[in-house]
**Q** 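Questions regarding the structure given below will be posed in turn.
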Amino acid sequence: MNMTLPQTYPHLDQMQPWNDRLHLLECLSVIEEAPNVKTFTFKSDNQNWFRYEPGQFMTFELPVQPEAVLRTFTLSSSPSRPFTIAVTAKAQDGSIGARWMLDHLTPGARLKAFGPLGDFSMRKHPGEKYLFISAGSGITPMMSMTRWMHDCAPQSDINFVTCARRPSDIIFRRELEYLTSCMPNLKLAFLIKEHEMGQVWTGIRGRFEEARLPLLSPDFKDRTIFCCGPETFMRDVRTMLEAAGFDMTHYHQESFGPAAEPVLPMMDAISTEAVERSAMVSFSMSGMEVPCAPGETILKAARGAGIRIAAACESGLCGTCKVMKISGEVDMDHNGGILDDEIDEGYVLACCSKPLGNVEVEA
Ligand code: FES
């Protein structure tokens with residue numbers, strides 16, 4: 001691999017933004033952060049810069065054998081450093097995608113990715129002061145936001161609470177400690193569950209619980225809260241905040257859980273008229289025309305006909321299933337996985353778009 005610096009490198013104003021439909025990502029570096037946790041930094045394969053909001057995520061197509069998988073990761077990098085992006089992946093027990101990344105992804109490898117997307121960002125939900133609460137790899141969006149504030153708004157008032165099993169599991173610990181020396185209003189609290197042999201721990205031990213909240217963040221009721229971690233952790237935090245009388249309109253959490261299956265009418269309850277009203281979906285690249293029952297999504301119709309449309313969250317969140325609509329109308333009920341200007345250009349999310357009459361899409 002050529003390790004020399006490029007002879008010429010364009011300035012930002014000479015570059016185009018990265019576009020997931022045109023460009024790939026090339027891995028630049030891999031850094032070990034904690035046991036089973038690594039940060040992967042990428043550049044564009046075409047000298048582009050990256051436009052995103054701190055806290056957003058991307059979906060990666062990972063060439064796992066025997067079949068590629070799609071996995072969504074929050075960006076841990078900050079858009080204030082737009083030449084590269086980074087994700088920090090943790091391989092949990094039984095994980096396939098993150099495990100593949102940790103074991104096989106090395107500098108020089110190229111990947112297809114979709115996004116960035118999502119509205120879990122203090123730029124989308126601004127507040128006067130913030131409380132970040134995270135557990136495990138849920139720290140990554142908070143890190144992106146904190147890095148952005150360090151670069152662009154270093155006076156920001158942040159109470160940053162993160163929970164981990166052991167001290168060595170705290171991701172970004174050294175960098176966060178360094179940032180407290182540059183950001184006068186950044187207050188850190190690490191909570192760990194277990195002691196570690198040979199390690200002196202002078203910080204807090206135990207779970208994140210209601211009695212601790214006023215100690216960790218005395219004015220938490222005046223803050224905008226961002227929370228990210230395992231589903232059970234976020235549920236407990238929500239319950240705790242509600243019990244403490246927090247105004248939940250200032251609470252935001254990141255979740256990649258799949259949506260419930262759409263409730264479709266029972267077959268024998270579908271009237272002849274409804275069957276007759278089935279829309280036809282034409283897939284221009286496959287050259288197939290497929291019936292789509294009322295209430296069915298374009299993704300489901302495609303799958304039924306063996307047409308592959310990449311999809312990850314299947315809840316209108318990640319943007320992976322974006323396809324160009326050539327003609328016809330759809331009812332699209334998304335969760336932020338598509339931008340307004342993409343809708344204006346004619347794109348739809350196949351997983352949450354139901355045809356309203358005959359439709360043609362590029363797939
Ligand atoms: S699969 Fe994620 S938005 Fe459709």
Side-chain angles (χ1 to χ4, degrees), residues 18-22 25 51-53 55-64 67-75 85 87 89 95-98 101 111-121 124 140-141 228 231 252-264 279 281 283-286 290 292-293 295-326 328-356 359-363:
W18 188 81
N19 182 325
D20 61 0
R21 293 189 287 278
L22 303 175
L25 297 179
R51 178 202 292 269
Y52 60 101
E53 298 293 349
Q56 285 193 307
F57 59 83
M58 289 185 80
T59 302
F60 290 74
E61 189 172 295
L62 305 173
V64 174
E67 201 179 352
V69 296
L70 292 157
R71 290 292 182 271
T72 297
F73 297 97
T74 307
L75 296 168
I85 54 161
V87 295
S95 115
I96 295 174
M101 287 176 79
L111 293 178
K112 187 162 179 46
F114 309 90
L117 282 166
D119 63 1
F120 185 73
S121 173
K124 302 221 173 190
T140 52
C228 188
E231 230 13 92
H252 310 280
Q253 68 174 40
E254 184 63 303
S255 175
F256 295 118
E261 271 287 297
V263 180
L264 297 175
V281 184
F283 296 94
S284 65
M285 286 156 74
S286 331
V290 177
C292 185
E296 203 171 83
T297 63
I298 292 175
L299 180 66
K300 194 156 187 186
R303 281 188 178 150
I307 297 166
R308 185 172 182 267
I309 296 179
C313 72
E314 300 193 25
S315 56
L317 192 70
C318 71
T320 313
C321 63
K322 201 179 338 171
V323 290
M324 172 61 86
K325 177 169 65 65
I326 298 167
E329 295 301 321
V330 297
D331 174 19
M332 179 166 59
D333 186 14
H334 69 88
N335 281 311
I338 188 164
L339 304 172
D340 287 344
D341 56 358
E342 291 174 321
I343 297 173
D344 293 343
E345 284 173 45
Y347 287 94
V348 296
L349 297 178
C351 74
C352 56
S353 292
K354 297 167 189 165
L356 299 169
V359 167
E360 184 176 4
V361 296
E362 212 172 72

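Order of listing sets the numbers, starting from 1, for every ligand and every atom in it. Keep in mind it's a predicted model, so treat the numbers as computed, not measured. Side chains included, hydrogens not; waters and symmetry mates left out as well; all remaining heavy atoms used.
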**Q** Give the atoms of ligand 1, by number and element, whose distance to some non-hydrogen atom of C351 is under 4.0 Å.
**A** 1 (S), 3 (S), 4 (Fe)
**Q** For G316, counting its heavy atoms only, list the atoms of ligand 1 lying under 4.0 Å from any of them.
**A**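 Reading through ligand 1 atom by atom, the close ones are 3 (S).
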**Q** Between K124 and E254, does any NZ, NE, NH1 or NH2 come within less than 4.0 Å of an OD or OE carboxylate oxygen?
**A** no
**Q** Taking the minimum heavy-atom distance to atom 3 (S) of ligand 1, which of G319, C352, A310 ranks first?
**A** G319
**Q** With distance as the sole test, does E314 use its side chain to make a donor-acceptor pair with the main-chain N or O of C351 at under 3.5 Å?
**A**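 Here the side-chain-to-backbone pair does not exist.
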**Q** Under 4.0 Å from any heavy atom of A312, which atoms of ligand 1 are there?
**A**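 Counting atoms of ligand 1 from 1, those under 4.0 Å from A312 are 1 (S).
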**Q** Report yes or no: does C318 have an N/O/S atom closer than 2.8 Å to atom 4 (Fe) of ligand 1?
**A**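 So C318 does not count as coordinating atom 4 (Fe) of ligand 1.
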**Q** Is the shortest distance from a Lys or Arg side-chain nitrogen in E342 or K325 to a carboxylate oxygen in the other one below 4.0 Å?
**A**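 Salt bridge absent between E342 and K325.
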**Q** Could you list the atoms of ligand 1 found under 4.0 angstrom from a heavy atom of E314?
**A**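 Answer for ligand 1: 1 (S), 2 (Fe).
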**Q** Pair E345, R21 - check salt bridge (charged side-chain N to carboxylate O under 4.0 Å, His left out), show working.
**A** CA-CA 13 Å; E345 284 173 45; R21 293 189 287 278; 3.7 Å; yes
**Q** If the threshold is 4.0 Å, N to carboxylate O, is there a salt bridge linking K322 and D20?
**A** yes
**Q** Considering only non-hydrogen protein atoms, determine which one is nearest to atom 4 (Fe) of ligand 1 and report residue, atom name and distance to 0.1 Å.
**A**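 The protein heavy atom lying closest is C321 SG, 2.3 Å.
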**Q** Could you tell me whether L317 approaches ligand 1 through its side chain, its backbone, both or neither, with non-hydrogen atoms closer than 4.0 Å?
**A** backbone
**Q** Are any N, O or S atoms from C313 nearer to atom 4 (Fe) of ligand 1 than 2.8 Å?
**A**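 Not a single backbone or side-chain N, O or S atom of C313 is under 2.8 Å from atom 4 (Fe) of ligand 1.
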**Q** Set out, in order, the CA-CA distance, both residues' side-chain angles and the distance that settles side-chain contact (heavy atoms from CB on, under 4.5 Å) for Y52 and I85, then state yes or no.
**A** CA-CA 10 Å; Y52 60 101; I85 54 161; 3.5 Å; yes
**Q** Check whether more than 12 heavy atoms from other residues, nucleotides or ligands sit under 6.0 Å from atom CG of D333, and answer yes or no.
**A** no
**Q** Within ligand 1, which atoms have a heavy atom of A311 less than 4.0 Å away?
**A** 1 (S)
